[in-house]
Amino acid sequence: MKKLFTTLSNIWKIQELKERILFTLLILLVYRFVSHVVLPGVDATALGNNEKSGLLGLLDMFAGGSFSRVSILALGVMPYISASIVVQLLGIAVPSFQKMQKEGESGRKKMNQITRYLTVAITIVQSVGYVKTQVPPEAILLPNTLFLVLSTFVLTAGTLFVMWLGEKITDKGIGNGTSLIIMVGIIARLPVAISQEFSARVGSSSEGGGPVALVLEIVALFAVVMFTILIVQGVRKVPVQYAKKIVGNRQFGGVRQYIPLKVNAAGVMPIIFAQALMFIPGAIMQFVPSLQGSWLIQFSNTTSLAYSLTFAFLIIAFTFFYTAITVNPTQMSDDMKKNGGFIPGIKPGLATSTFIDDVISKITFPGAVFLAIIAILPSIAVKFGIKQEFAHFFGGTSLLILVGVVLDTLQQIESYLLMRHYDGLMKTGRVTGRTGVPAASSNAAL
C-alpha cells in the first residue's frame with residue numbers, strides 16, 4: 001500500500017503528466033455531459049424504455065448509452081472506427097495506399113485525411129438510417145423531412161466532435177483518445193449493471209443466491225479479467241541477432257533483440273466481425289415472418305448451444321483471416337535483412353519469412369480458441385443466472401477493450417515515470433500492453 005501511495009505521489013510531482021491527466025479527465029467529462037443532450041426536435045419524455053439488444057446493443061455500449069438516448073452523439077466514434085478499418089484494408093489491397101504507407105509521416109497524414117473524409121460519408125449514411133429506424137415516431141416534434149435533414153447534420157457534427165475530442169486526448173492528454181472514449185462509455189454502464197445484480201441477489205427484488213452468490217460472481221469476474229490480461233499480453237519472442245559493424249573506434253550492432261509476436265494479434269476485430277454475421281438470421285426472420293418458427297431461431301438466441309458454437313467457429317476463422325492481412329512476415333523479413341538482422345539458425349530472406357509465418361500460425365490457433373472462449377463467456381454467465389447487463393462484463397468486446405485500454409494507459413503513465421527516473425507502476429517488471437513490449441517504447445491503439 002505504501003508503494004502505491006508513493007507512486008501516486010510521484011505521478012503528481014511530474015507537472016507535464018499531471019496536466020495531461022487533468023486535461024484527459026476534463027475532455028472525458030465534457031464527452032459524458034454532451035452525450036446526454038437529446039437531438040433537437042425529439043421529446044425525451046416520449047422515448048420511454050428505448051434499450052437496445054443484439055448488434056444495436058453493441059453499438060449502444062460503444063456509444064456509452066447515447067444510441068438508446070437519441071443523443072446528438074448517438075453514433076459515437078463507430079463511423080470513425082469503420083473508416084479506419086476500411087482504410088487499413090485498402091492499405092493491404094490497393095497499391096496506391098500501400099505506397100502512402102511507405103511514405104512515412106507525409107503518407108500517414110494523407111491517410112488520416114482520407115479517413116476523416118470517409119468518416120463524414122459513413123456518418124451521413126448511418127445518420128439517415130438511424131433517424132428512420134431508431135427514433136420513435138411519437139417522440140418527433142418536427143416535420144419528418146425537416147427533422148431528417150436537421151438530425152443528419154447534427155449527428156454528423158456529433159461524430160466529428162467526438163473524433164476531435166479523441167484526437168485532443170491523444171495529442172495533449174495521456175494518449176489513446178478514441179480508445180479512452182469507448183472505455184468510458186463501457187464503464188458508465190458498470191454501476192447500473194452492479195446495482196441490478198445486487199438487487200437480484202440480496203436486494204428487495206431478490207431472486208435467490210444471497211451474498212454468497214454475489215461474492216462468487218465477483219471472484220469469477222476477477223478470474224476472467226486475469227485470464228483476459230494473459231491473452232492480451234501473451235507474446236512469443238523470436239530472437240533476432242544483428243551483425244557487428246565497426247566504424248572507426250566504435251562498434252554498432254552485434255546485439256540480440258526480440259520480435260514480440262502476439263498470441264492475439266487481431267484484438268477485438270474477430271468478435272466484432274463474427275457478431276455482425278450472427279445477426280443475419282434475425283434480420284432474415286424480420287423480413288420473412290414465415291421463417292420465425294424455423295431452425296433459424298436457434299441462431300437468434302445468444303444463450304443457445306448452436307449460437308455459441310457457430311459464434312466461436314466464426315471468431316476462430318476471422319482471427320486467422322485478420323491476422324493474415326495485418327501481420328506481414330515478408331515485410332518483417334525484408335526489414336530485418338535491410339538492417340543486418342537475422343534469426344539464429346535461419347537463412348535471411350524467404351526462409352526467415354516462412355519461419356515467422358509458421359510461428360504466427362502456431363500461436364494464432366490457441367489465441368483464437370481463447371478469444372472464442374472469452375467471447376461466449378457472457379452467454380455462459382447468463383445460463384448461471386447472472387443478469388444480462390452484468391454478464392456483458394464477463395467477456396466479449398467490452399472486457400477486451402477495457403483490459404487493453406487500461407494496459408495502454410498504464411504504459412503511457414509509466415513511460416513518464418521512467419523518463420523522470422522514478423520507479424515504474426509495478427515493483428517488479430514493466431507494464432506491457434497490447435503490443436507486448438516495454439511501456440517506454442510502446443504506442444498501441446485500438
Side-chain angles (χ1 to χ4, degrees), residues 52-63 67 76-78 80-82 84-86 88-89 178-179 182-183 185-187 189 221 224-225 227-234 262-283 299-327 363-382 388-408 433-434 444-446:
K52 307 298 180 182
S53 60
L55 180 60
L56 298 181
L58 179 66
L59 296 176
D60 190 34
M61 178 185 67
F62 284 158
F67 194 91
V77 294
M78 287 309 296
Y80 175 69
I81 294 176
S82 301
S84 299
I85 294 173
V86 171
Q88 185 180 14
L89 294 176
T178 303
S179 302
I182 295 176
M183 185 192 74
I186 296 173
I187 290 180
R189 303 170 69 95
L221 178 60
V224 170
V225 171
F227 176 72
T228 306
I229 291 174
L230 290 176
I231 299 303
V232 172
Q233 290 189 298
K262 297 173 59 180
V263 173
N264 177 30
V268 300
M269 298 311 300
I271 298 180
I272 295 177
F273 289 153
Q275 214 155 22
L277 289 181
M278 290 305 297
F279 291 114
I280 292 178
F299 297 96
S300 298
N301 182 9
T302 57
T303 60
S304 68
L305 180 61
Y307 180 96
S308 297
L309 291 178
T310 306
F311 190 33
F313 173 79
L314 288 175
I315 289 173
I316 293 173
F318 276 121
T319 301
F320 277 95
F321 169 75
Y322 199 79
T323 302
I325 65 175
T326 54
V327 182
I363 65 175
T364 297
F365 180 72
V369 172
F370 292 146
L371 190 63
I373 293 173
I374 292 173
I376 63 176
L377 276 178
S379 301
I380 298 175
V382 172
Q388 185 78 40
E389 191 76 17
F390 190 55
H392 282 157
F393 293 92
F394 276 79
T397 53
S398 58
L399 183 59
L400 286 168
I401 289 174
L402 287 176
V403 169
V405 175
V406 168
L407 289 174
D408 289 342
R434 284 169 286 183
L446 177 69

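For reference, positions follow the sequence shown, starting with 1.
- From Leu407, atom CG reaches atom CD1 of Ile229 across 5.5 Å, with rounding to the nearest 0.5 Å.
- Scanning both residues, Val232 and Lys262, for their nearest heavy atoms gives O-CE, 4.5 Å.
- Annotation: side chain to side chain contact (heavy atoms under 4.5 Å, CB included) contacts of Pro378 (sequence neighbours excluded): none.
- Note that the CD1 atom of Ile182 and the CE atom of Met78 stand 7.0 Å from one another [nearest 0.5 Å].
- Residues in residues 312-323 take part in these side-chain hydrogen bond (donor to acceptor under 3.5 Å, both in side chains) pairs, two or more places apart or across chains: Gln88-Tyr322.
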Inset, instruction - Please assess Phe393 against Val225 for the test side-chain contact (heavy atoms from CB on, under 4.5 Å), listing each intermediate value before the final yes or no. - result: CA-CA 9 Å; Phe393 293 92; Val225 171; over 6 Å; no
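- Here the closest non-hydrogen pair linking Ile271 and Ala375 is CD1-CB, 3.9 Å.
- Within the model, atoms CG of Leu277 and CD1 of Ile315 stand 11.0 Å from one another, a figure rounded to the nearest 0.5 Å.
- In this structure the side chain of Tyr307 never reaches within 4.5 angstrom of the side chain of Ile376, judged on heavy atoms.
- A heavy-atom distance below 4.5 Å is not found between the side chains of Asp408 and Ser179.
- The two atoms that bring Val382 and Ala391 nearest to each other are CG2-CB, 3.7 Å, heavy atoms only.
- Taking the side chain to side chain contact (heavy atoms under 4.5 Å, CB included) definition, one finds that Phe313 meets it with nothing, sequence neighbours left out.
- Note: Phe321 and Phe318 have perpendicular aromatic rings, judged against thresholds of 30 and 60 degrees for the angle between ring planes.
- Atom CD1 of Ile374 is separated from atom CG of Leu400 by 5.0 Å, given to the nearest 0.5 angstrom.
- Considering only residues two or more places apart in sequence or on other chains, Phe227 meets the ring-ring contact (aromatic ring centres under 6.0 Å, His included) condition with Phe370.
- For Val224, the side chain to side chain contact (heavy atoms under 4.5 Å, CB included) criterion is met by Thr228, Leu377, Phe394, Leu399, not counting sequence neighbours.
- Judged as a side chain to side chain contact (heavy atoms under 4.5 Å, CB included), and not counting sequence neighbours, the contacts of Leu309 are Leu305.
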